[in-house]
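Note on naming: letters A, B, ... go to the chains in the order of the sequence lines (proteins, then strands), and numbering restarts at 1 for each one.
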Protein chains: 2
Amino acid sequence: MKDVAARAGVGLKTVSRVVNSEPGVTPDTERRVQEAIDALGFRRNDSARVLRKGRTASIGLVLEDLADPFYGPLSRAVEEVARAHGALLINGSSAEDPEREQELVLALCARRVDGLIVIPAGDDHRYLEPEIKAGIATVFVDRPAGRIDADMVLSDSFGGSREGVAHLIAHGHRRIGFIGDQPRIHTATERLRGYHAAMADAGITVEDRWVSLGTTDPGRVRSAAEAMLGGPEPVTALFAGNNRVTVTAVRVIAERERPVALVGFDDIELADLLGITVISQDAAAVGRTAAEHLFRRLDGADHAPARVELPTTLIPRGSGELPPA
Amino acid sequence: MKDVAARAGVGLKTVSRVVNSEPGVTPDTERRVQEAIDALGFRRNDSARVLRKGRTASIGLVLEDLADPFYGPLSRAVEEVARAHGALLINGSSAEDPEREQELVLALCARRVDGLIVIPAGDDHRYLEPEIKAGIATVFVDRPAGRIDADMVLSDSFGGSREGVAHLIAHGHRRIGFIGDQPRIHTATERLRGYHAAMADAGITVEDRWVSLGTTDPGRVRSAAEAMLGGPEPVTALFAGNNRVTVTAVRVIAERERPVALVGFDDIELADLLGITVISQDAAAVGRTAAEHLFRRLDGADHAPARVELPTTLIPRGSGELPPA
DNA sequence: GTGAAAGCGCTAACAC
DNA sequence: GTGTTAGCGCTTTCAC
């Protein structure tokens, strides 16, 4: 910028005015400055700008895994809202590791992102207190914040799961298996709670071996499913706690002779062609809602932390309507 | 930091030393400083740091659409490599719009990302010349850079497509339809070239109505597919130019009485269960390769721009092995 | 309409 | 071991 000023034979501030399209520059001076900019290939250094202005026009998004088909659309929706507000998106995957989440979040704070959207892996976010006090707006998504009071946008995991399991019961099932994610993940336990609620509503006593929580890697899910589907009194239906589990469950069921009913939480691409009944949550809507909430905060909204819960939808496609074998 | 120094009763530089774990501080002083840091909830301002050091420890990734299942894993792979190098990832979707691509890229440059990975939407990247000269390493992915000399990591679109079409021909097809993305997208024309090569190899004269390029939205693809599959001499097989096209093609075919053979470019989740034969490219490998290349540049590698081409794999699953109806 | 000076928060270089 | 000074590239303030 100094160089541009020298070359154009004007003061530093005049260049700054041109670069930022501020008023108070004669067309002629502006032209001279613009020529110098082009000749030198100058581009404003936003790092310096940020340092002076205090706002970075960027927000951070910490999620579990960008490669998961649920988070892609969510992330994209956040990006669109950010873009509409002239902000860039810094993305990070926690890989469901609380330490890595914290490391990422703090790195983002050190860069002074204006705001933060976090799909938490951990359950204690007190480490964020100083940052929030320092003015970094934060919205938690998909799972609640731990031990601090903050905005959150959630899906109705409990209600959705309850509806899905009730749907299976309505189609005659009583021995229904539930395979979910690790119990320290809030949505996993909420969905399990929904399962128990639906079973209790129908007066069914849940047997321990019908329930399995753990990682969503295919091997684990496969053995859990096979265990439930084997033995003298196998389950006649499965409820899959998220998209990863559903995918493996579909594979396991496809290999078996007897039909097994299935309802999965989260929609999956091509589930329509495979006839998989799902509880769908709109990932893009979740992302958009969270981002809009965040920018409202950044624009000065200072009401008490809010908790938004988005509804889920049961989409019957066949697999959830199969009668017991 | 000034406040921390005052509170701890030490100089500014000592705080800086503690914050950056530099040597040359007594354990006792360090403790006092650490206490002040905790009490004040201090966090280093990386914007200022960046300004001083010249490196931002962040890289930018501009792709078409983060919500596309091909780019999620690619993005995640880039992130992992960045993380290994202590860098954060700033993500942006161009939505296949050259102007938006440029806007994004320049915004990233203004933030002085250390490097840039671009899946180009446009075909003229001369606007990047000053930035590259200024030291921002850049790697183009999936499609070549336009009118500038730069590193690129591509998949073998031509070879993959040729193999897929030859596979259909080997199973007896002669009237084979090709539905691809917009012709201004490099991979789309490369794949079409592969189609033509395979057809020529077999001595088949391609009819105009067997080929359709355009947007990948379901409506467009659907009408293209239906046109090819109708009439007196319908095609007996389809080659789908990318994952979006494949998904719609599968739907269209599923609705028809006569079986239609299908090979798709890009693998899709659950394609195994649906028995869809695909030409698979490893999105994660593409992302990883590009990111590793980028960091090698950042570490000082200054050989001539390289062009890496990754192979594709044909995965037969049934749909590509159907004989002509 | 334009420019000079101060300073955002940090680190490099050097003095103590 | 520790502190002081200068300056990264920009914007803010205020004088011209």
Side-chain angles (χ1 to χ4, degrees), chain A residues 1-34 36-37 40-58 86 106-114 130-131 134-136, chain B residues 1-34 36-37 40-58 86 106-114 130-131 134-136:
Chain A
M1 189 141 157
K2 213 174 47 188
D3 300 345
V4 175
R7 178 167 183 130
V10 299
L12 208 57
K13 178 63 207 180
T14 302
V15 179
S16 173
R17 285 200 181 92
V18 173
V19 169
N20 298 298
S21 330
E22 286 169 22
V25 184
T26 14
D28 184 53
T29 334
E30 174 162 359
R31 192 185 41 73
R32 284 215 324 284
V33 172
Q34 194 57 53
I37 288 176
L40 268 47
F42 167 84
R43 217 77 78 174
R44 180 179 68 197
N45 183 329
D46 275 354
S47 300
R49 177 168 222 254
V50 156
L51 184 57
R52 212 41 252 249
K53 304 206 77 137
R55 278 218 168 181
T56 53
S58 59
L106 291 181
L108 291 166
C109 288
R111 277 167 203 244
R112 299 293 189 269
V113 292
D114 297 332
E131 330 294 315
I136 298 186
Chain B
M1 189 142 155
K2 212 175 46 189
D3 300 345
V4 175
R7 180 168 181 128
V10 299
L12 209 56
K13 180 66 205 179
T14 303
V15 179
S16 172
R17 287 203 179 88
V18 173
V19 169
N20 297 300
S21 331
E22 285 170 22
V25 184
T26 12
D28 184 52
T29 341
E30 174 161 358
R31 194 187 38 72
R32 286 218 320 285
V33 172
Q34 195 57 57
I37 288 176
L40 268 46
F42 166 85
R43 216 78 77 176
R44 180 180 67 197
N45 183 331
D46 275 354
S47 300
R49 177 168 224 256
V50 156
L51 185 57
R52 207 46 251 247
K53 303 205 77 136
R55 277 219 170 181
T56 54
S58 58
L106 291 181
L108 291 166
C109 289
R111 279 170 202 241
R112 297 294 188 268
V113 291
D114 296 332
E131 331 293 316
I136 299 187

Open item on the list: Reading DNA chain D from 5' onward, which residue's closest nucleotide shows up sooner: A/M1 or B/T26?
Closed with: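 Result: B/T26.
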
TODO: Specify the residue among A/E22 and A/L51 whose closest nucleotide of DNA chain D lies further upstream toward the 5′ end.
DONE: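 Closer to the 5' end of DNA chain D: A/L51.
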
Open item on the list: Looking only at the side chain of A/V25 (C-beta and beyond, no hydrogens), which of the listed nucleotides C/dA12, D/dT2, C/dT2 gets closest?
Closed with: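 For A/V25, the side-chain atoms sit closest to C/dT2.
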
Task: Nearest-neighbour nucleotide for the A/R17 side chain, C/dT2, C/dA13, D/dT11 considered - done: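 Ranking C/dT2, C/dA13, D/dT11 by closest atom to the A/R17 side chain puts C/dT2 first.
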
Open item on the list: Test your reading of the model: is there a side-chain donor-acceptor pair from B/R17 to the backbone of B/E22, 3.5 Å cut-off?
Closed with: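 No; judged by distance alone, with no hydrogens or angles, the pair does not exist.
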
TODO: Please answer whether the main-chain N or O of A/T56 pairs with a side-chain N or O of B/R111 as donor and acceptor at a distance below 3.5 Å.
DONE: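 Checking the backbone N and O of A/T56 against the side chain of B/R111, a donor-acceptor pair under 3.5 Å is found.
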
Write down the distance between [atom1] ([X]) and [atom2] ([N]), rounded to a whole number of angstrom.
X	N	atom1	atom2	answer
A/E30	C/dG1	CD	P	13 Å
B/L12	C/dC14	CG	P	19 Å
B/R32	D/dT2	CZ	C1'	11 Å
A/L40	D/dG9	CG	P	13 Å
A/R52	D/dC8	CZ	P	16 Å
A/R111	C/dC8	CZ	C1'	18 Å
A/K13	C/dA5	NZ	C1'	13 Å
A/K2	D/dT11	NZ	P	15 Å

Heavy atoms, side chains only, cut-off 4.5 Å: are [X] and [Y] in contact?
X	Y	answer
B/M1	B/N45	no
B/V15	B/K2	no
A/P27	A/E30	no
A/R32	A/V10	yes

Which is true for [X] with a 4.0 Å heavy-atom rule: it touches a base, it touches only sugar-phosphate, or it touches nothing?
X	answer
B/V10	sugar-phosphate
B/S47	nothing
B/R44	sugar-phosphate
A/D46	nothing

[N] OP1/OP2 closer than 4.0 Å to side-chain N/O of [X]:
X	N	value
A/N45	D/dC8	no
B/S16	C/dT11	yes
B/T29	D/dT2	yes
A/K53	D/dT12	yes
A/T14	C/dG3	yes

Open item on the list: At less than 3.5 Å, do the side-chain atoms of A/R49 and the base atoms of D/dG9 form a donor-acceptor pair?
Closed with: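 There is none.
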
